[in-house]
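Below, read A as the first sequence line, B as the second, and so on, with proteins coming before strands; counting in each chain starts at 1. Please read all numbers here as calculations on a predicted model, not as lab measurements.
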Amino acid sequence: TYCYNAVIYGFCCNNELYEATRVFLEMKSYGVSPDVYSYSILIDGFCKKKDVMRGFDFLEEMEMGNTRPGLVIYNILLDSLCNCREVELALKLFHEIKASGYKLDRISYNILIDGFCKQGDMDSALRHFKEMIKMNFDPDVFTFTSLIHGYCKMGCLEKALEIIELALGQGVSLDTVSCSVIIEGFCKEECIEEALMLMDEMRDLGIIPNSFSYNAIINRLCKEWKSGKALEVFPLMLKRSVAPSIVTYNTLIDGFAKELNLKQAYKIYAGMLKHGITPD
RNA sequence: GUGUUGACUAG
């Protein structure tokens, strides 16, 4: 079963769901029973392709057989519903899970909170945030990042900053992802200076920036028709051994093209090819 | 020993 699961997982990661399903059926035909891992891997594969229905089909199959779906499977389905913008259905499932005697966990709450944040429903997000604390699940950096991102997206930088204080007060440290989200938030509000200051603070705190962190700044500068300035960020990235990603290149090319500096745009394109990145 | 949650460009 371990062997089959690994293969199914591999196909799912490659988005080859058809192959994954074939292996799943094959293992059954050889008399090897799929376990709860086999199901969760496959269900997650379909769910990530937004085929939640198929996920529920497998859930049903599992319930008919002798495999008891665990909380992980329900979390996968919850997340998928949220990603299909069906947070209301996710909430419904959330309550059904609770009613059927499963103990939800921190991840279940994180999924639901993130779903509300993505929908811009910060009130519901906060309500479940409080509920999670009441249930004695400590919010982690995932929880806080979702909330911060939610507030940043709706332009409530002050609220986002309050959440950061809350996190730090609870002893939850920021990491690369959460800092990048905040940098993006600053950039969105045209506070490049603050964004750059945060980059410095990251350095002092030993939080390694990645291309996401820099891309936020580059993107902001390009949006302000300052592609030249944006290009100056490039060496800073290299100095800290952060490799530019395809998004970095796309952003800069778009910025220069917009300014009709096609020569520079082409130079960046050429540099991208030289670094072995395939244009998309 | 295997599975689930947070971030960037353009479309």
From CG of A:Asp105 over to P of B:G3, roughly how many Å is that when rounded to an integer? 15 Å
Looking at A:Asn210 and B:A7, is any side-chain donor or acceptor paired with a base atom of the opposite kind under 3.5 Å? yes
Looking across every strand, which nucleic acid part, if any, lies under 4.0 Å from A:Ser178 by heavy atom: base, sugar-phosphate, or nothing? base
Quick one: label A:Lys258 by what it contacts on the DNA or RNA (base, sugar-phosphate, nothing), any heavy atom closer than 4.0 Å. nothing
Value in whole Å for how far the P atom of B:G3 lies from CD1 of A:Ile73: 13 Å
Under 4.0 Å, counting only non-hydrogen atoms across every strand here, what does A:Val181 touch: a base, just sugar-phosphate, or nothing? sugar-phosphate
Exam field: side chain A:Thr176 to backbone A:Ile208, donor-acceptor pair closer than 3.5 Å: yes
Using whole Å, report how far CG of A:Asp114 lies from P of B:U5. 11 Å
What's the CD1-C1' distance between A:Ile253 and B:G11, to the nearest Å? 15 Å
From the list B:U9, B:G1, B:U5, which nucleotide is the closest neighbour of the side chain of A:Ile107? B:U5
Looking only at atom types and distance, does a side-chain atom of A:Lys153 sit under 3.5 Å from a main-chain N or O of A:Gly120, one as donor and one as acceptor? no
How many whole angstroms separate atom CD1 of A:Ile164 from atom C1' of B:G6? 14 Å
Winner on side-chain proximity to A:Ile41, out of B:U2, B:G6, B:A10, is B:U2
Any A:Met237 side-chain heavy atom under 4.5 Å of A:Ile218 side chain: yes
Parallel, tilted or perpendicular for A:His275 and A:Tyr249, by the 30°/60° rule? tilted
For the base of B:G3 and the side-chain ring of A:Tyr37, does the geometry meet a stacking cutoff of under 5.5 Å between centres and under 30° between planes? no
Could you give the CG-to-P distance, from A:Leu42 to B:G3, as a whole number of Å? 15 Å
Describe the nucleic acid contact of A:Asn250 in one word from base, sugar-phosphate, nothing, applying a heavy-atom distance below 4.0 Å. base
For A:Lys223, report the nucleic acid contact type (base, sugar-phosphate, nothing); a contact means any heavy atom under 4.0 Å. sugar-phosphate
Provide, to the nearest angstrom, the distance between the CG atom belonging to A:Asp138 and the P atom belonging to B:G6. 20 Å
